[in-house]
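See below for the structure under consideration.
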Amino acid sequence: MKLINRVNFILVPIILGVLSFASVLAYLFFANHSAKVLASSVTRELHFFAEEIEQTLQRNRATANEILNSAELVRFLNSANPQFQAYAFEIRMRKLLASARQNSQQIEQVQLLDQDLNILIANSDNDDPFSDPVLLPFPDYVFNRYQYQRNSNDDDLTAQQFIYMDAQSKLRFGLLQPFSPKLLLEDLSRIPKQKHNLLLLGGAVNKLSALREKLMESYQLSPDEIKINWTSQVKDTKASTPLVSSGRGPYGQYLFQLRTSQFKLALTLPYKANAPLMGNLTLVLTGLVLTMTLVSFVVLRGLINKQVIKPINSLIEQIQASRAENNISLEHKDSSDEVSELNNAYIELLDDVQHLATNDTLTGLANRYSFQLWLERQLQRFEKTQQPMALLFIDLDNFKQVNDHYGHEVGDKLLKVFSERLITSIRPTDLAASMHTKALARLAGDEFAVLLSSVQGPQSAATVAQRILEMFEGGIEVEGTIHNVQASIGIAMVPQDGLHAQQLLKHADAAMYRAKSLGKNRYQFFTKAIALELAQKQQIEQSLSLALEEDGFELVFMPIYDIDSLQAVGAEALIRCPRLAKIGIYPDQFIPVAESTGLIKQIDLWVMERALQNLNEVRDDPAFTGYYLSINVSAVELHNKHYPEQVRRLLEKYQIDTSLVELELTETSLSNDDESSLTTLNNLKSMGLTLSLDDFGTGYTAFNQLAAYPVDSLKIDRSFTNQVGEKKTKKQPMVDIILSLAELYKLRVVAEGVETKAQLNYLRDKGCNRAQGYYLCKPVPWQELTKKLSVA
Ligand code: C2E
Ligand code: CA
Ligand code: CA
């Protein structure tokens, strides 16, 4: 996903989340606040309600007093003719009720009772004077309390004020006032229990429905959403301050309780009661969140786009443009922000990659690839300038020994020392004044190249080559040890030796090989003779390829004899290529070519297969019992990890006992610390094959290293066999040394190239075990060999 899209995906939820959270907090705050406002205003309303009730009750008491103080009542009670007095009292009563009604005091009835609660006279608020009074029943508790007071001993009778809710949920009030007819105008608080009357006043208050309506209106509630629970309690008339408490129910309802001396009122409002107070807060907040989200998103996105994404995109564009134009146009940026750092890191990475691609990591010189490119470019330039050039191909002599004996680290250091010397000694010369860094290269291993792009002629090239050779005088010192390495240099000239990079390199390389074969530590120009040799090498290569395709090889066998009995015990298989033999080329010449081109792997397998095939033919021939074949194996196979397995398969295919096969490995190919070679040798050895060191004495094997090699026998090279016999030398012959060495390491010795009887005798006398050579038998084809053995 593109960064900008990712930003969208991340930004929107984050902004929305944060703002929503804030708005929920705001909502909760407002809700809490509005709940408080609601609670306090309902509380106020309840206080107000209580006060109104109290006022009603007060007025009630006042009315009662008025009645009790009226002369009509006194006359009525004390008259001998109450019938007559009742009339006057009733009139007085009616007036009183009417005036009360005008004072919006709804007194519904008045009763005068004797102490046994019998009605003496009753009146109700009724416009019609001739109708019977409508008397509503009072709740029992009113009278119960009175009865209780009357029956108990100590309590005085007290007036009782009550307020209750009737069956229709209408609020009604009343006053039961005991009084002594004798003490009417006196203190009403001490009423004798013996003789008293009761005044009972009853009325209705519509305050509750007023409260209900007020709440409905204020909080937009329906009637049944307002729950009122009324409990009356009978107390004496003394008023007490009303108490209002408020709280919340389990579902967020608003709970209120009003307590006065006369009643308890529990009021429950639903959770949503504060909605009118909140107004359309939810809507406002939602709108706010959405607009703020949009605004913040636009602003933040804009900022991120400008500060991060645009710079990154422009960097990408620059990189793509650079790729398209094949030219890095990126520039270092000075600012310290991450995009600039990315830009700079990228440039540095490119530099590193370029350096890696063009430079040799060990020495820092150009590598083969960049040197070739450089060479091609210089050759193109030559077409215009016609300025002669020289290519020097340098290969160190004896470098392999340093690597083998002192390890790769020392070898690497030596290469570094040499390349530093090369730079410092060649650059400042007049010849190479304008020398480019790419003109000095390490091509591979210990191979170096120098391109002198403007020389007068071969003489100047020779001067530089000579200077390089002089660099090795006195050896090269690494970690306190002086290593005796030198160089062989091949020189190819432009234009005479070539005008193409590959060709020039090949020619300089060939010239270097010639320098090596002429004794090393010298320089050699590419010559016609070398050109011929090169051509011949190519021809050999072609012929070998053809021979492999067309089964164009043959094997001949050179018998190997037990030196005492002169019994043939085995034979060495030697390859022949008739196609090459026709033009005078034998294994000595074509095997090295096969090795340098890699064809040797196929050739070795062909030889092995053919030899085993031949051996298989005579498996049951008693003349061949114990007869073994010695097969030459190229050093290349020591680094071929598949070789032992390939041999094993062939042995299996031809059902050859491994003890009948000996492998000959050239001594020069072995080195002590070459792990992979030793592994291969051990693998072959563990298969039961016999291993033999060929051309022993011509290599560099330190004698004490012999113990490390899993070999069974040594083959004395023909050149050492030639030294013994008739010719007497002052020096102890090499043969003697090899034989005593073999005795020490318990190795069998086969002498090669025995051409005279004297040589044979000498070797036998010195304890050599086996011998082969023209004196005994020349290499013969398989048919001939079998015939010879059968006859013998
Ligand atoms: P090498 O393994 O040292 O083989 C011995 C060489 O000396 C053979 O030469 C053999 O014909 C020759 N020789 C043996 N006795 C005498 C003698 O008394 N007088 C003279 N003048 N020569 C004698 P060839 O066959 O030309 O082989 C040369 C080299 O080619 C071999 O040296 C070996 O290194 C290599 N080679 C030969 N055949 C094979 C092969 O099948 N595979 C591999 N990898 N290398 C082979
Ligand atoms: Ca051999
Ligand atoms: Ca040999």
Side-chain angles (χ1 to χ4, degrees), residues 540 544 547-548 552-561 563 568 570-578 580-581 584-614 628-640 643 646-647 650 661-670 690-699 711-725 735 749-760 762-763 768 770-782 785:
I540 292 173
L544 291 176
L548 273 171
F553 289 112
E554 285 171 5
L555 278 189
V556 288
F557 297 85
M558 177 166 238
I560 298 169
Y561 297 86
I563 208 159
E572 179 180 2
L574 296 162
I575 195 165
R576 294 291 175 262
C577 180
L580 286 170
I585 291 167
Y586 298 96
D588 271 332
Q589 263 178 290
F590 71 71
I591 289 294
V593 175
E595 280 175 337
S596 72
T597 56
L599 289 171
I600 191 70
K601 286 190 184 181
Q602 285 164 273
I603 294 175
D604 275 350
L605 283 182
W606 180 88
V607 172
M608 178 69 70
E609 175 141 30
R610 176 57 56 87
L612 296 184
Q613 217 174 352
N614 290 341
Y628 72 94
L629 285 187
S630 199
I631 296 161
N632 293 287
V633 174
S634 165
V636 172
E637 309 299 355
L638 291 177
H639 296 282
N640 174 6
Y643 185 69
Q646 290 167 335
V647 172
L650 288 176
V661 180
E662 185 166 310
L663 302 183
E664 294 190 13
L665 292 141
T666 314
E667 188 225 348
T668 48
S669 61
L670 285 181
T690 312
L691 300 183
S692 153
L693 275 189
D694 208 349
D695 306 338
F696 190 73
T698 60
V711 293
D712 306 278
S713 77
L714 303 178
K715 289 196 82 169
I716 299 177
D717 191 61
R718 183 149 54 93
S719 55
F720 302 128
T721 308
N722 281 343
Q723 289 171 358
V724 299
V735 171
V749 183
V750 183
E752 212 175 54
V754 178
E755 291 183 343
T756 64
K757 190 173 180 173
Q759 286 167 354
L760 186 69
Y762 184 91
L763 287 161
C768 181
R770 292 173 184 173
Q772 60 180 109
Y774 287 1
Y775 173 71
L776 295 160
C777 182
K778 285 201 171 184
V780 292
W782 180 251
L785 187 79

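Please read these numbers as outputs of a predicted model, since none were measured by experiment. In each ligand, atom 1 is the first atom listed, and ligand 1 is the first ligand listed.
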Any Gln772 heavy atom less than 4.0 Å from ligand 1
no
Ligand 1 versus Lys715: contacting region, heavy-atom distance under 4.0 Å:
neither
So which atom in Gln759 and which in Thr721 form the shortest heavy-atom distance, rounded to 0.1 Å?
NE2-O, 3.6 Å
Min heavy-atom dist Glu595 to ligand 1 below 4.0 Å:
no
Pick one of side chain, backbone, both or neither for how Tyr586 approaches ligand 1, counting any non-hydrogen atom pair under 4.0 Å.
neither
Below 3.0 Å, can you find an N, O or S atom of Ser630 next to the Ca ion (ligand 2)?
no
Using side-chain heavy atoms (C-beta onward) and a distance below 4.5 Å, is Val749 in contact with Phe696?
no
Asn632, portion touching ligand 1 at heavy-atom distance under 4.0 Å:
both
Chi angles and distances behind the side chain to side chain contact (heavy atoms under 4.5 Å, CB included) call for Gln646, Met608:
CA-CA 10 Å; Gln646 290 167 335; Met608 178 69 70; over 6 Å; no
With a 3.5 Å distance limit and no angle check, can you tell me whether Asp717 reaches the backbone of Gly697 through a side-chain donor-acceptor pair?
no
Between ligand 1 and Lys778, can you find any atom pair, the residue atom being a heavy atom, that is separated by under 4.0 Å?
no
Partners meeting ring-ring contact (aromatic ring centres under 6.0 Å, His included) with Tyr628 (sequence neighbours left out):
none
Just to confirm my numbers, could you give the angle made at the Ca ion (ligand 2) by OE1 of Glu664 and OD2 of Asp694, rounded to 10°?
80°
Closest approach of Arg576 to Pro587 (non-hydrogen atoms, all atoms of both residues):
NH1-CG, 3.4 Å
Taking the side chain as every heavy atom from C-beta outward, state whether Pro781 and Glu554 have any pair of such atoms under 4.5 Å apart.
no
Minimum-distance N/O/S atom that Glu572 presents toward the Ca ion (ligand 2)
OE2
